[in-house]
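What follows is one structure encoded as structure tokens, with my remarks underneath.
A note on names: the letters A, B, ... follow the listed sequences, proteins ahead of strands, and every chain is numbered from 1. As the structure is a computational prediction, the values presented were derived from the model and not from experiment.
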Protein chains: 2
Amino acid sequence: MGEKRATVRDVAARAGVSPGTVSKALNGTGQIARETRARILAAAEEIDFRPNALARSVFERRSYTVGLITTDSFERFSVPVMLGAEDALGAGRISVFLCDSRDDPIREQHYVDVLLGRRVDGFIVTGRTSNERAPLEVSADVPVVYALTPSARAGDCSILVDDVAAGRLAGEHLIRLGRRRVAHLTGSEWFDASRRRAAGLASALADGGLSLAVPPLFGDWTEAWGRQATHMLLRSAPDVDAIYCGNDILARGVADSLRELGRRVPEDVALIGTDNWEFIAHGARPPLTSVDLGLPAVGRLAAQRLLDAIAGNPHAGREHVPCHLVVRASTDDAAPPT
Amino acid sequence: MGEKRATVRDVAARAGVSPGTVSKALNGTGQIARETRARILAAAEEIDFRPNALARSVFERRSYTVGLITTDSFERFSVPVMLGAEDALGAGRISVFLCDSRDDPIREQHYVDVLLGRRVDGFIVTGRTSNERAPLEVSADVPVVYALTPSARAGDCSILVDDVAAGRLAGEHLIRLGRRRVAHLTGSEWFDASRRRAAGLASALADGGLSLAVPPLFGDWTEAWGRQATHMLLRSAPDVDAIYCGNDILARGVADSLRELGRRVPEDVALIGTDNWEFIAHGARPPLTSVDLGLPAVGRLAAQRLLDAIAGNPHAGREHVPCHLVVRASTDDAAPPT
DNA sequence: TTGAAAGCGCTAACAG
DNA sequence: CTGTTAGCGCTTTCAA
């Protein structure tokens with residue numbers, strides 16, 4: 001049962017050399033006779049030797065690990081980010097500690113302390129919204145990169161989605177389609193994301209010589225609000241020919257209500273969502289054109305920036321990852337249905 | 001910048017004692033004079049001393065970490081499990097390494113090797129389905145617990161949802177409601193989960209003296225299939241008064257089609273989904289009654305079993321976590337609409 | 001009650 | 001080329 005695991009010493013004994021030599025052979029450091037090297041590798045193999053990364057880390061004063069902290073319980077937004085990050089970090093032979101702070105500062109600080117004790121090389125902090133958050137309290141000189149949710153402290157490195165560009169992308173697409181009466185329907189006004197997407201849309205429309213048919217409708221991020229808002233909208237502006245929604249859920253509700261009210265999508269009303277949440281966008285009737293915010297790219301870039309910082313080249317300030325439009329049937333009658 | 005972090009030595013120097021004494025004071029080992037102890041704690045505080053967990057682990061020969069491996073890219077099913085596990089492990093002061101194997105055995109083995117090098121105390125393996133999977137290859141005596149997806153090797157510890165009970169729960173509820181013409185509509189026949197839920201439903205109906213109005217309809221897990229299957233179903237069995245669906249997505253499609261075909265839910269047809277995916281079940285019209293499989297509980301129990309195994313008390317074999325029914329408007333006309 | 005010394009497993013510097 | 005030595009930061013005998 002509790003057989004101790006093989007050590008460098010064990011390998012050395014088995015190969016008839018000294019521990020130092022084993023270390024060199026295994027790490028390719030220094031000069032080793034081919035034959036000796038082979039013997040050592042064989043011995044290591046035979047006793048299933050696995051170098052103790054912990055011991056090495058004590059010596060190297062770094063652990064090749066990073067902490068991934070989310071305030072979001074790894075919900076819809078942080079999961080893609082985290083996968084992107086894990087992907088990029090894994091390539092750099094770095095392992096990732098998972099921490100769910102549940103939006104509780106106490107819990108978060110606890111995780112930070114524990115992980116500092118484990119000598120993580122850095123942190124990635126991610127959260128639900130585009131809103132600012134308080135910076136992480138790391139007394140030591142450990143780099144931190146914020147993903148999705150920027151640090152309020154100027155100079156901290158934050159990797160973000162580009163909400164303004166998202167709105168612009170939608171607006172430009174609608175203009176290209178020749179729509180003239182555009183409405184915007186979105187979630188809570190307390191989200192920076194909502195306001196920025198609305199601003200982006202307005203600016204693109206303005207560039208095309210248009211303005212919103214009615215002021216943006218703020219509400220919450222639910223399908224029910226999407227349905228309700230559609231009714232309100234068609235009452236106040238029955239002639240709208242395009243609706244851009246702050247997320248895909250809303251857009252689904254809108255699509256359902258439009259259909260039930262006898263408006264065809266996209267013929268009568270073109271519809272665009274945000275997030276490109278495959279499962280939702282694809283399942284809607286008709287499938288939704290949507291702005292993809294590039295969440296995995298946010299994670300990958302954050303990881304890259306963190307690796308850079310760890311290597312001694314910190315980046316400062318905020319960076320936005322480009323978004324792109326995924327066109328489906330809700331704006332393109334040539335697109336295949338269902 | 002690169003200031004070395006404080007060590008036991010530094011604290012010792014500052015407090016005018018020896019490193020050994022510091023260790024004792026900080027860990028509450030041995031006998032220490034109150035006054036000395038206070039002095040040491042103060043010194044540690046002042047220079048922000050944080051014990052190096054790595055060094056301690058080298059000595060203790062364990063790391064107080066576990067590897068959490070998913071084949072599922074942390075999608076809908078593994079996320080709740082993983083949160084449950086993280087929750088339970090965090091309480092035991094254990095940190096969690098995150099690994100996304102993406103269903104690639106090579107990648108998975110790579111992660112296992114890396115984490116064994118980091119001397120993890122154990123592994124939790126989770127995945128998408130209730131189907132069996134090949135056991136993890138861990139040569140060393142490191143415990144492994146499977147969550148959601150059982151190991152094919154007898155005697156391995158697997159914590160699972162109870163698909164049969166889920167089907168039974170749905171069936172019993174429908175019988176209680178007095179429904180007589182029950183249909184079942186589900187996803188791929190290749191999923192053990194589909195077959196087991198169907199079996200559970202059938203057995204509950206049999207206990208109530210009923211049988212399925214038509215054989216189960218297997219398809220895929222999409223909303224589109226839910227809609228299509230509804231049309232098929234109403235053609236072959238126009239008098240059904242209840243439908244149990246293998247997941248909530250399907251049930252949503254069914255709800256939409258029923259409404260469009262002029263059947264009222266729940267008055268004409270009672271509808272039950274599976275998974276209790278809040279966002280879906282709640283957003284549907286009407287909100288869906290659904291079987292909650294208890295995913296976070298699976299994660300928590302898996303964590304508990306792993307902790308036990310690490311402590312030297314391994315559990316063997318498969319355990320099922322109980323599921324429960326969440327009643328909403330789709331089976332209960334007294335439930336509030338929306 | 002405290003200090004000195006040895007060691008966890010590994011690596012790097014320096015001899016030989 | 002290879003072995004010896006010393007040391008990473010911490011803990012634990014064992015003396016004092």
Side-chain angles (χ1 to χ4, degrees), chain A residues 2-41 43-44 47-65 93 114 116-121 140, chain B residues 2-41 43-44 47-65 114-121 140:
Chain A
E3 347 211 353
K4 284 172 54 178
R5 276 191 258 180
T7 73
V8 168
R9 263 182 170 66
D10 300 332
V11 177
R14 196 158 224 282
V17 294
S18 78
T21 308
V22 170
S23 175
K24 283 171 212 150
L26 260 31
N27 297 307
T29 348
Q31 305 285 65
I32 298 275
R34 300 187 73 75
E35 199 273 331
T36 316
R37 188 181 149 75
R39 196 147 35 88
I40 291 175
L41 291 182
I47 59 179
D48 190 35
F49 171 71
R50 225 176 279 278
N52 186 329
L54 268 33
R56 180 185 242 272
S57 289
V58 172
F59 183 84
E60 274 207 68
R61 290 209 196 70
R62 62 169 289 196
S63 63
Y64 294 90
T65 61
R93 315 205 55 42
V114 169
L116 284 176
R118 294 193 187 279
R119 297 299 186 264
V120 290
D121 300 337
Chain B
E3 347 211 353
K4 283 172 58 180
R5 277 192 255 180
T7 72
V8 168
R9 261 182 171 67
D10 300 331
V11 177
R14 197 157 222 282
V17 296
S18 77
T21 308
V22 171
S23 174
K24 282 171 211 148
L26 262 31
N27 297 306
T29 347
Q31 305 285 69
I32 298 275
R34 297 188 74 76
E35 199 274 330
T36 317
R37 189 183 147 74
R39 196 148 33 89
I40 290 175
L41 291 183
I47 59 178
D48 191 35
F49 171 70
R50 223 177 279 280
N52 185 330
L54 269 33
R56 179 183 243 274
S57 289
V58 171
F59 184 85
E60 273 206 69
R61 292 211 192 68
R62 62 168 289 197
S63 63
Y64 295 90
T65 61
V114 169
L115 292 191
L116 285 175
R118 294 193 188 280
R119 296 300 187 263
V120 290
D121 300 337

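The salt bridge (Lys or Arg N to Asp or Glu O under 4.0 Å) test applied to B/Arg37 returns no partner, not counting sequence neighbours. Annotation: salt bridge (Lys or Arg N to Asp or Glu O under 4.0 Å) contacts of B/Asp121 (sequence neighbours excluded): B/Arg62. In this view, A/Arg118 and B/Ser95 satisfy the side chain to side chain donor-acceptor pair (under 3.5 Å) rule, not counting sequence neighbours.
Chain B approaches DNA chain C over the interval C/dT1 to C/dG9, counting the first and last nucleotide 5' to 3' with an atom under 4.0 Å from its heavy atoms.
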| task | Quick one, give me the B/S/- string for nucleotides 7-16 of chain D, reading 5' to 3', where B means a protein heavy atom under 4.0 Å from the base and S means that only happens at the primed atoms, P, OP1 or OP2. | result | BBBSSB----
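Using a 4.0 Å heavy-atom distance criterion, B/Ser57 is classed as making no nucleic acid contact.
Closest approach of B/Ala12 and B/Ser18 over heavy atoms only: CB-C, 3.7 Å. Counting all heavy atoms, side chain and backbone alike, B/Val114 lies closest to A/Arg93 at CG2-NH2, 4.2 Å. Among all heavy-atom pairs drawn from B/Val120 and A/Arg5, the shortest one is O-NH2, 4.4 Å. Here the closest heavy-atom approach between residue B/Ile32 and residue B/Thr29 is recorded as CG1-O, 4.4 Å. The shortest heavy-atom contact between A/Leu54 and B/Val58 is C-CG2, 3.8 Å.
Taking five base pairs at each end of the helix from C/dT1-D/dA16 to C/dG16-D/dC1 and finding the rotation axis that steps the C1' atoms of four pairs onto the next four gives two axes whose angle is 50°, to the nearest 10°.
Taken from CD1 in A/Ile40 to CD in A/Glu35, the straight-line distance is 9.5 Å, to the nearest 0.5 Å.
Side-chain atoms of B/Val17 and B/Arg39, non-hydrogen and from C-beta on, do get closer than 4.5 Å to each other.
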